[in-house]
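Below: one structure, written as structure tokens.
Both backbone and side-chain heavy atoms feed into the values below; hydrogens, waters and symmetry mates do not.
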Amino acid sequence: QVQLVESGGGLVQAGGSLRLSCVVSGGTFSTYSMGWFRQAPGKEREFVAADSRSGVSTYYTDSVKGRFTIFRDGAKNTVFLQMNSLKPEDTALYYCAAGRDGRVYTSRWDYDYWGQGTQVTVST
């Protein structure tokens, strides 16, 4: 059974940084594409960032380009989301997801496995 466990969320002031982690177990991490999504109260879950199984191809939603970076550590079966210059509008529950076919996707429906989420709150 594939499990994803996120960590690293918290409360930070605007302009600050956080690094989210997502550990994948029970599957073959090197074959999965990985994505980060977020959901704010009353809103739909939205795409944030993704990388291909090789880690070479990455994609970001426009609002986080230049501020967020997705990267992975294959030895630790972990994908990270480095978030810099955080804004109050980045406040949300952040989820990581794994896609079995290894390609980069921006739609939540193309991912097969999900974590439970980690809360990020950015104060003014």
Side-chain angles (χ1 to χ4, degrees):
Q1 183 178 357
V2 178
Q3 291 188 316
L4 283 66
V5 179
E6 303 98 332
S7 62
L11 173 64
V12 64
Q13 287 189 326
S17 298
L18 284 174
R19 178 177 291 184
L20 306 184
S21 302
C22 173
V23 179
V24 180
S25 62
T28 309
F29 179 74
S30 62
T31 67
Y32 300 146
S33 58
M34 299 300 300
W36 286 95
F37 290 75
R38 65 187 180 187
Q39 188 166 15
K43 295 188 176 181
E44 294 289 319
R45 190 171 301 187
E46 65 173 357
F47 170 78
V48 176
D51 77 345
S52 62
R53 61 186 170 193
S54 67
V56 173
S57 298
T58 58
Y59 194 79
Y60 300 90
T61 193
D62 286 345
S63 63
V64 308
K65 285 180 181 176
R67 301 189 297 124
F68 291 11
T69 303
I70 184 171
F71 62 100
R72 61 173 72 196
D73 183 339
K76 297 181 179 180
N77 288 357
T78 301
V79 63
F80 301 93
L81 185 68
Q82 178 66 42
M83 305 186 297
N84 299 328
S85 302
L86 282 161
K87 303 176 181 180
E89 52 263 44
D90 295 318
T91 295
L93 186 61
Y94 282 70
Y95 298 90
C96 73
R100 285 196 300 252
D101 78 357
R103 291 182 289 180
V104 174
Y105 293 111
T106 61
S107 170
R108 59 180 294 190
W109 308 111
D110 289 316
Y111 289 86
D112 303 288
Y113 309 108
W114 290 84
Q116 295 299 307
T118 185
Q119 179 67 38
V120 172
T121 303
V122 184
S123 64
T124 55

Would you give the length of the straight line joining atom [atom1] of [X] to atom [atom2] of [Y], rounded to the nearest 0.5 angstrom?
| X | Y | atom1 | atom2 | value |
| --- | --- | --- | --- | --- |
| Gln39 | Gln119 | CD | CD | 10.5 Å |
| Asp101 | Arg53 | CG | CZ | 7.5 Å |
| Thr61 | Arg38 | OG1 | CZ | 7.0 Å |
| Asp90 | Thr121 | CG | OG1 | 11.0 Å |
| Arg19 | Ser7 | CZ | OG | 11.5 Å |
| Thr78 | Leu20 | OG1 | CG | 12.5 Å |

Distance-only, no hydrogens or angles: does the [X] side chain make a donor-acceptor pair with backbone N or O of [Y] under 3.5 Å?
| X | Y | result |
| --- | --- | --- |
| Arg67 | Ser63 | yes |
| Ser33 | Arg103 | yes |
| Tyr111 | Tyr105 | yes |
| Glu6 | Thr118 | no |

Of the non-hydrogen atoms in [X] and [Y], which two are nearest, and what is the gap between them?
| X | Y | result |
| --- | --- | --- |
| Ala92 | Ala40 | CB-N, 3.9 Å |
| Val104 | Ser52 | CG2-N, 3.3 Å |
| Met34 | Val79 | CE-CG1, 3.7 Å |
| Ser85 | Ser17 | N-OG, 4.3 Å |
| Leu93 | Gly117 | CD1-C, 3.8 Å |
| Thr91 | Val122 | OG1-N, 2.9 Å |

- Take Tyr95 and Arg108 through the side-chain contact (heavy atoms from CB on, under 4.5 Å) test and state the conclusion after the steps. CA-CA 10 Å; Tyr95 298 90; Arg108 59 180 294 190; over 6 Å; no

- Return the orientation label for the Phe37 and Phe47 ring planes: parallel under 30°, perpendicular over 60°, tilted otherwise. perpendicular

Please determine whether the number of non-hydrogen atoms from other residues, nucleotides or ligands lying under 6.0 Å from atom [atom1] of [X] exceeds 12.
| X | atom1 | answer |
| --- | --- | --- |
| Lys76 | NZ | no |
| Tyr113 | OH | yes |
| Glu89 | CD | yes |

- Message: Less than 4.5 Å apart, side chain to side chain, heavy atoms only: is that true for Phe29 and Arg72?
- Response: yes

- Query: Applying the side chain to side chain contact (heavy atoms under 4.5 Å, CB included) test to Trp36, which of Ile70, Val64, Asp51 qualifies?
  - Reply: Ile70

- Task: Just do the side-chain contact (heavy atoms from CB on, under 4.5 Å) check on Tyr32 and Arg100 with the steps written out, would you?
- Result: CA-CA 5 Å; Tyr32 300 146; Arg100 285 196 300 252; 4.2 Å; yes

- Task: Examine Met83 and Phe80 and state if one hydrophobic cluster contains both, with Ile, Leu, Val, Met, Phe, Trp and Tyr joined whenever side-chain heavy atoms are less than 4.5 Å apart.
- Result: no

